[in-house]
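See structure below.
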There are 2 protein chains.
Amino acid sequence: MNKKNISIKEIAKLSGVSVATVSRVINNNGRFSEETRKRILKIIEENNYSTNVIAKSLRMKKSNTIGIMVPDISNFFFSSTVQEIERIMFEQGYSTIICNTARNIDKETAYLRMLESKMIDGLIVISGLREFGIENMSKQIPLICIDRKPKDNDNTAFIESDHLEGAKLATTELINAGATKIIIMMHALTSSSQEARLNGFVSVFKQHHIPISDHNIVKIPKMNKEEEVIYIKNFLQNNCVLSKSINGIFAINDSIGVTILKDAKTLGINVPHNLKVIGFDDIPEASIITPGLSTIKQDYREIAKRACEILLNNIKSPGTITPIKQEIPVTLIKRGSTGT
Amino acid sequence: MNKKNISIKEIAKLSGVSVATVSRVINNNGRFSEETRKRILKIIEENNYSTNVIAKSLRMKKSNTIGIMVPDISNFFFSSTVQEIERIMFEQGYSTIICNTARNIDKETAYLRMLESKMIDGLIVISGLREFGIENMSKQIPLICIDRKPKDNDNTAFIESDHLEGAKLATTELINAGATKIIIMMHALTSSSQEARLNGFVSVFKQHHIPISDHNIVKIPKMNKEEEVIYIKNFLQNNCVLSKSINGIFAINDSIGVTILKDAKTLGINVPHNLKVIGFDDIPEASIITPGLSTIKQDYREIAKRACEILLNNIKSPGTITPIKQEIPVTLIKRGSTGT
DNA sequence: CTGAAAGCGCTTACAG
DNA sequence: CTGAAAGCGCTTACAG
């Protein structure tokens with residue numbers, strides 16, 4: 001193969017026409033004779049020419065690229081969603097730059113600048129610590145939020161699982177399974193989706209006239225994975241072995257749920273007999289651990305699909321789309337950890 | 001914030017200097033007085049200017065972007081490696097475009113063209129079906145292969161886990177655990193890493209003077225995940241329940257290993273008593289399933305680190321780096337599936 | 001149907 | 001220390 005990239009100018013010379021004409025046939029826009037079209041296409045083929053999208057981007061002020069910001073790509077729900085988005089967008093001729101922010105505000109800001117300066121045509125923001133607003137951007141570009149509340153609603157779509165309903169299903173499942181002393185276990189650093197799940201949890205307590213206090217809401221301080229495992233183990237040791245003050249846990253996600261199940265095993269706590277557990281997400285480990293972890297399954301495919309649809313629309317006809325909030329249904333999956 | 005991007009030209013006008021000077025202070029190259037430097041920097045700050053990297057890329061013929069091709073981002077080893085590479089490269093000021101090829105040659109080709117036309121400064125190719133060569137590219141750009149053999153060795157580094165050694169460790173572990181009728185279970189569509197593992201498997205048979213035939217090598221035809229689960233279940237049914245012709249399996253990866261363990265449970269096969277299993281990768285599920293799946297752990301952090309080091313070197317001084325093949329050590333992890 | 005020319009936002013030899 | 005100008009590879013009104 002030829003080692004240096006050939007430009008439209010050279011194609012023009014080889015074809016005996018102007019660069020304008022070459023550009024027109026490449027983009028199939030404007031008028032030209034069938035004859036020149038064929039000749040040019042042949043030359044392009046022969047020389048293995050492909051258009052320099054950087055130059056095109058600069059000229060057109062669009063890059064056929066979108067950005068995705070995600071807090072942690074190793075998280076099953078996030079990586080599945082991202083993968084699905086990437087797949088769909090590629091089919092539509094877009095490439096996607098995936099930005100793993102590691103929940104770090106500085107990194108997020110740096111990424112945002114980078115994405116902007118790369119003239120991305122759209123941005124999808126998944127989860128994260130605070131509300132996300134396009135004031136963070138100097139230019140107005142189409143923005144879709146997944147699991148992260150947009151600050152303003154102009155030009156911004158918001159898609160998420162029905163966290164409220166999911167949390168209600170989860171909490172109700174614990175009650176139905178016979179748990180009487182129930183807590184929710186979540187992170188101290190919350191996201192909008194976690195808040196929604198907390199609300200669902202609380203509302204079921206109210207509905208059943210069960211008194212609720214801070215003791216029912218356990219927040220894990222920010223720490224690394226290993227420390228978290230120990231923290232949870234200590235918690236279970238105190239509340240399920242020494243004092244038996246808890247017999248049902250709604251884990252805010254399956255990662256915590258699986259950790260609880262593992263620790264319970266180590267501590268000799270009988271699940272589901274003495275402790276019932278339910279999670280959220282339906283990660284692969286949930287179905288593999290024994291007993292299986294009951295959970296609320298999120299439909300990442302649907303979420304990705306909707307996000308891409310709206311984003312593509314917004315890119316094609318900016319501003320015409322009214323801001324939307326879409327809630328994607330979730331499903332209760334019953335497994336051994338709640339007694340099935 | 002201002003809604004339209006401000007250019008270097010406007011900064012120049014506001015500062016009362018030429019664009020050349022602005023460019024010089026931004027890039028801190030060339031000479032200029034401290035006074036003008038301060039003034040320009042202030043104006044830049046005030047106007048929230050950031051440089052248009054598309055224009056810069058076009059001019060410089062480099063994009064500060066690298067590409068990664070990966071067959072399946074939902075695979076734990078791949079996604080961990082990719083994530084680590086992205087993290088390191090971002091620290092070095094590079095953004096990375098992740099291309100999920102889904103083991104599809106057409107998609108791979110399309111991605112390659114796209115990456116080239118985006119003027120990527122380097123490319124990392126992870127795994128894949130065939131050998132990978134830079135003849136696939138029209139321009140010569142630094143290339144690193146991970147788990148995929150480069151076709152030529154010019155300017156190409158090759159990094160992989162020590163698959164051969166890993167496979168030897170795995171096979172030996174099965175023998176030590178008392179398995180006497182051992183097979184390797186792999187995919188029909190192989191990659192260079194799978195071939196290496198097969199070689200390791202075979203060499204241990206030879207070393208122990210155990211006769212080996214095609215019956216010891218089971219290749220799963222290309223099919224989707226669900227079909228594969230059924231295929232494996234049928235296989236176990238025939239060979240571990242009906243005929244007991246097999247009591248040890250080296251699964252080419254943990255995904256297959258976990259499937260075997262799940263199916264064994266369903267079929268009532270006693271692991272490790274009647275069947276010993278070992279995998280490769282050390283995915284999270286391996287430590288969660290009961291019994292735990294013994295496996296060979298790959299050091300994805302080290303692999304990512306080496307890949308980035310070499311790539312960065314290659315980008316900075318093209319051609320000066322001699323082609324290298326690096327083999328990263330692996331570790332045997334013993335769990336319940338081989339009797340520990 | 002086709003071409004000459006301007007311009008997207010940068011960088012950098014060249015000249016002073 | 002600084003500026004005018006060319007050029008990276010494209011697209012597109014304008015003119016014919």
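Heavy-atom basis, side chains included; hydrogens, waters and symmetry copies ignored. Below, chains carry the letters A, B, ... as their sequence lines are ordered, and counting in each starts from 1.
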*Can you tell me, in whole Å, how much space there is between the C1' of D/dT12 and that of D/dG16?*
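That atom pair is separated by 16 Å.
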*asked:* Looking at D/dA13, which nucleotide sits across from it as a Watson-Crick or G-U wobble partner, both distances under 3.5 angstrom, or is there none?
replied: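 Per the H-bond distance test, none.
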Under 4.0 Å between any heavy atoms, over every strand shown, what does [X] touch: base, sugar-phosphate, or nothing? Just pick one.
X: B/Val53; answer: nothing
X: A/Thr21; answer: sugar-phosphate
X: B/Ser23; answer: base

Compile the donor-acceptor pairs under 3.5 Å between side chains in residues 99-106 of chain A and protein atoms, sequence neighbours left out, one pair per line.
residue	atom	partner	partner atom	Å
A/Thr101	OG1	A/Val70	O	3.4
A/Thr101	OG1	A/Arg103	N	3.4

*asked:* Quick check against the 3.5 Å criterion: does A/Ser23 have a side-chain atom that pairs as donor or acceptor with the backbone of A/Val19?
replied: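 Not a single qualifying donor-acceptor pair exists.
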*Any donor-acceptor N/O pair, B/Asn52 side chain to B/Ile54 backbone, under 3.5 Å*: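 Indeed, once roles are kept as given, a pair shorter than 3.5 Å links the two residues.
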_With sequence neighbours excluded, residues passing salt bridge (charged side-chain N to carboxylate O under 4.0 Å, His left out) with A/Glu309_ =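 Per chain and number, A/Glu309 pairs via salt bridge (charged side-chain N to carboxylate O under 4.0 Å, His left out) with no residue.
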*Could you give the start and end, 5' to 3', of the contact zone on DNA chain D for chain B, using atoms under 4.0 Å from its heavy atoms?*
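Listed 5' to 3', the contact boundaries are D/dC1 to D/dG9.
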*On DNA chain D, nearest-nucleotide positions of A/Ile54 versus B/Arg39: which is more 5'?*
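Its nucleotide being nearer the 5' end, the pick is B/Arg39.
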*Along DNA chain C (nearest heavy atom to each residue), the more 5'-positioned of A/Arg59 and A/Thr36*: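 Result of the comparison: A/Thr36.
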*asked:* Taking the six-membered ring for Trp, are A/Tyr111 and B/Phe90 closer than 6.0 Å centroid to centroid?
replied: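 Yes, close enough.
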*asked:* Counting neighbours of NZ on B/Lys305 that are heavy atoms of other residues, nucleotides or ligands and sit closer than 6.0 Å, is the number greater than 12?
replied: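 It does not: B/Lys305 NZ has 12 such atoms or fewer within range.
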